Enquirer: 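After the structure tokens below, expect a handful of questions from me.
What you are looking at is a predicted structure, and each value in this text was computed from that prediction instead of being measured. Residue numbers begin at 1 in each chain, while the letters A, B, ... track the order of the sequences. Quick note: numbers below take in every heavy atom, side chains included, and nothing from hydrogens, waters or symmetry partners.
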Amino acid sequence: LSLSDRPLVLIADDDPDILMLVRFRLERAGYEVVSAQDGQAALDLALAHEPDLAVLDVMMPRLDGYELTRELRRHEATRGMPVILLTARVQEADVQRGIEAGADDYVPKPFSPQELGARVQAALGR
Amino acid sequence: VTAAPGPARAPRLILRFALYSAIALMLAGGGIFWFIRHQEQARAEEEVVSRASRVAARVARDLRPSDFGRPLSSDRLEALDRLFVDELSGGLVRVKLWGRDGKLVYSNEHALIGRDESEPHELENALNGQSGSEIAFLDEEAAGETRLKVLEAFAPVRLPGERKPMGALELYHDYGPIADDVNSTVTPIGVALGLAWILLYGALFPILRQVTKALEQRNRSLAQQADAYRQALDERVQAERRLSEAERNYRNLVEQLPLVTYVDELNEACSSIYISPQVEEMLGYPVTVWLSDPDFFPKILHPDDREWVLAEQKKALETGRSISSEYRFVARDGRVVWVRDQNTIARNAQGRPLHAQGFLIDITKRKEAEEQLERRHGELTALHDTALRLIDEQDSDKLLELIVRRAGKLVGTSDCYAYLLEPESGEQVLRLGTGIFRETVGYRVRRGEGLVGRVWESGKPFALEDYHSWPHRRPDLDGIPFHAIVGVPLFSRREVVGVLGLAHPEAGKTFAEGEIALLSRFAHLASLALESARLYTAARESEEKFRTLVSNVPGAIFRCAFDSDWTMEFLSDAIVDIAGYPASDFIQNQARTYASIVHPDDAQMLEETVGDGAPYSVEYRVLHADGSVRWVLERGQGVEDGAGNAWLDGAIFDITEQKAAEEAVQESEGKFRAFVETTEEWVWAIDERGVTTYSNPAVERILGYRPEELIGGDSLEHMCAEDREHVERLLPDFVARKSGWSGLVVRWRHKDGSVRHLESTATPVVDASGVLRGWRGTDRDVTQRVLAEEERERLLAEAQKARLNLTAQNERLLELDRLKDEFIALVSHELRTPLTSIRGYVELLRDGEAGELNEEQLQFLAVVERNSHRLLHLVGDLLFLAQVEAGKLALDLGAVDLGSVASDSVETARPAADEKGVTLTLATGPVPLLAADRPRLAQLLDNLVSNAIKFTPAGGRVDVRVRAQSGDAVVEVRDSGIGIPAGEQEHLFQRFFRTSNATAQAIQGTGLGLAISKAIVEAHGGRITVASQENEGTTFRVTFPLQQPKTVGLDAAEAAI
């Protein structure tokens, strides 16, 4: 558990490069970050740390982004947590699926790290 | 055995015989002929020679020795001519006179004189005094003359006084007359010989034939004998074979027989030396017992037989004869065993007796049967005597008494009873009892009750040894003192009509089985007698009844004469009801004749029908007294009474009402028939066996058969086999329920072989007593309808099949579609993910997040960023096209102002145009709003405008125009660029196609832009065209229909969800 008052963001992506990119950007922006490389690990982290926000890749092993979102919405501790989905699938149907699963925002890949930072901030600012 | 000579031999024999004998006869005849001929010739020659001698002697007197000197003077020649001239006759043709020197002295043919002799030998003989002759031809000496066969004769010429001949005379005698002479002698002989030959054969042939025939017959009989012999031989072989077989069988048989074989010593006790083991089975004593006791045989003989058997054995011993006797043994278990003993004395070669041997056969069964037969014979004799008495008795009561008495007598008891069935109560009543049963007459028994009831129920004899200890006895008979009792049934037509019985009042006395059987047989006889008596009574009663019956018959009974008046001898009163006149009017024609009331039109017919009085039945009309006409039916026949009078006996019935009904029926039937005969439907009737009894003519139109071809035949005959089976399965149900059917469609075979579908409806025909007599119905040809239905079903099935196919195909397509989707998603992910990292980190670097960058570093990063952007754009384009191709292009339709879209695009592109020095203009006219996907339209216009700028060199211009034109919204993008070669324009909208100008001038591009543009335009239902002139410029023209059907876009949108 972090004792800092900085917001805790959970990030999950199976691509370590992207994971590092996002972590760098968000830590620079002043967030505390925990990260996972698959959906199940992300769920465990979320339940353990109860982060303030989650940035989740859609295509991940074990649990994909949609399933993970649904899982998070089922648990009391994470029910109200904002979730931003990252995905290379930008078709209308994919976006729709994400919203239905309970995601708050949907950022298509490739994304600008700066823009992502802005979106995170926006989501936490609500 | 040799084969019989063939019949062909005999004729050949005859032929050969005839040939040989003919040759022999011919040779003999020839020989005889030749011999005679030779003799005749010799005789003729001799004659000529003697003539020569005679002539020689005569002329010698006139000849002079000088004549033999030469030459002759002409006078002398003439003298000699005269001398010989007389001789030249009678066949003598030439005369020659030879000298001793061999010279011809004289000839009547003067030319020859002086010649030398050609045959000195003959002449020499003549000169030596010998006469001779030879046959020659005259021309040997005189060539050129006629060849004449002659006989030459030489004779010596002796002059008087001369011893030696002076010369020789030669005479030529014509051979012709001689030959004739010879022939005339020989020919008859030849003819006679020929005749003799023919006669001989005529006589000989029949004899030969007879002989031949006899020979043939003998041959044949010999052959037959040979056959018979052979057959006899075969038979003997077979007989021998049979014999040996029989012998074998016989031996087997003997070994199987229950025989006891024995060998006894020759003593009085007949002690056994050997006895076969079967004896134990027969008598119970084993062989060892039998052999160990020398006196055993007499011991087990039946006491009654012992004496005579032993005596006989002794006698046999003395006389040495074989004996066969039948006697009894007492077996070990006390049974009496009858045996037949076949005994023989065996002797040695010298004839001395050795021992007795033989066999014993168990004949107990036979003996018993014989005894039984004898007993039965006695019983039957008794029965026979009784039966004769019974048959004579016609009075039922007396008969019953007789039966009871006789039954007692047969078995030897006086206690007898007879029950008879009383039809009114259905009970057996004791009608007659003797002895102890006298008291119980009138006693009643129901079926199954007590002994009598049981006999009644079973129809079989029943006997008890002690009635009073029988659990089913009738207690009310306890007082009657009897013990053994028996009852036997009395039958009438297989029904038990009574019970006859006997009892023994004494305890311990029972009825033997034989006695019961005897009583049963007697009861059968008694039954017959009772039945006959009953019939007699019934016949008498029925005769009486008949008399009263006649008057109640529903018709007039009559007896009349065969006359024109039908004079009535008797007429029953019923005639009043028929004719309205009393019967007495007609008797003896007292008031009127019966003929007078017969309808005049029917009178003659009636007379003809009655005729000579053979049984007849006739319907005719009579005139009723009230003036009406009545129909009557008369049946009758001629009879003769005892006095020899001929009568007509018969009955007259009033059938007026039936007649009327019949006519009504006929009328209605006529109507019905007319309908049935003309209706289009096949109307038919069949009987309960399925035989067609009626069919209307319509069947010919439907099935091709005429009604008469079907009537009387199997009604299902022309049904198609499959359906026939079906109908035959249904029929038992129709029969059982006595029901008809309707709407039963069945296939039939038309006479021309085609199949017809007939819809059948039928109702059952049930007679008054409720018995099914068949069906009547109609069949309608529904072939067209059925075929149409079948066609419809077939089409339905086909459609169904096609639908299934389509579904399967759809599923395949869906599967392909899904795979394509997955592919697109995968590519999208796999391409974008690395790009995300590239662009993300470049951005971090550029933003100085990893430290400040110098100008050059930033410039380089810009290159990376630009190229990553191109890559991203390319990925986007590819995915877009992939979506289009998969039909997954999703349009988010909205109301779009085309002008504003164009304006946005132009403004977006303006910096690039300015940079390149290209003039970019926009002109928009009023265009109604389009239903379109704005981002897509923007993409389209961006593509077109940036393309135009790209391919337009500096100083050129790009003009964009938007306007509405004849129902379309039109966008034109015109440039003054490098243009597109005409040959490449058609490929312009293909993916990855790049014009030669573009590649030559190294203008960047993927070749996807226009393909995407075209896809967007077409997704909106529009068209995109190009017009270009190389080095002058290119114009792209896009048109969207303003009244475009909404469904185009919506379909695409729906497909995307």
Enquirer: Measuring from A:R25:CZ to B:D847:CG, what's the distance to the nearest 0.5 Å?
Expert: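 So the CZ of A:R25 and the CG of B:D847 are separated by 6.5 Å.
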
Enquirer: Above 12 or not: heavy atoms from other molecules or residues under 6.0 Å from NE2 of B:H873?
Expert: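 Not more than 12 within 6.0 Å, no.
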
Enquirer: Let me confirm one number: the CG-CZ distance from B:L844 to A:R28, rounded to the nearest 0.5 Å.
Expert: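 So the CG of B:L844 and the CZ of A:R28 are separated by 8.5 Å.
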
Enquirer: For B:L929, what residues pass the side-chain contact (heavy atoms from CB on, under 4.5 Å) criterion, not counting sequence neighbours?
Expert: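 Listed in chain order: B:A895, B:D897.
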
Enquirer: Sub-4.5 Å heavy-atom contacts with chain B: which residues of residues 14-23 of chain A show up?
Expert: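 The list, in residue order, reads A:D15, A:D17, A:I18, A:M20, A:L21.
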
Enquirer: Does B:E852 CD have over 12 foreign heavy atoms under 6.0 Å away?
Expert: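 12 or below, so no.
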
Enquirer: Grab the two heavy atoms, one from A:Q114 and one from B:E843, that are nearest each other, plus how far apart they are.
Expert: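 Heavy atoms of A:Q114 and B:E843 come nearest at N-OE2, 2.8 Å.
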
Enquirer: Would you call B:T833 and A:K109 a side-chain contact if the rule is heavy atoms closer than 4.5 Å?
Expert: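 A side-chain contact exists here, since the closest heavy-atom pair is under 4.5 Å.
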
Enquirer: A quick test of your reading: do over 12 heavy atoms of other residues, nucleotides or ligands sit less than 6.0 Å from NZ of B:K1014?
Expert: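 At most 12 heavy atoms, drawn from other residues, nucleotides or ligands, come within 6.0 Å of this atom.
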
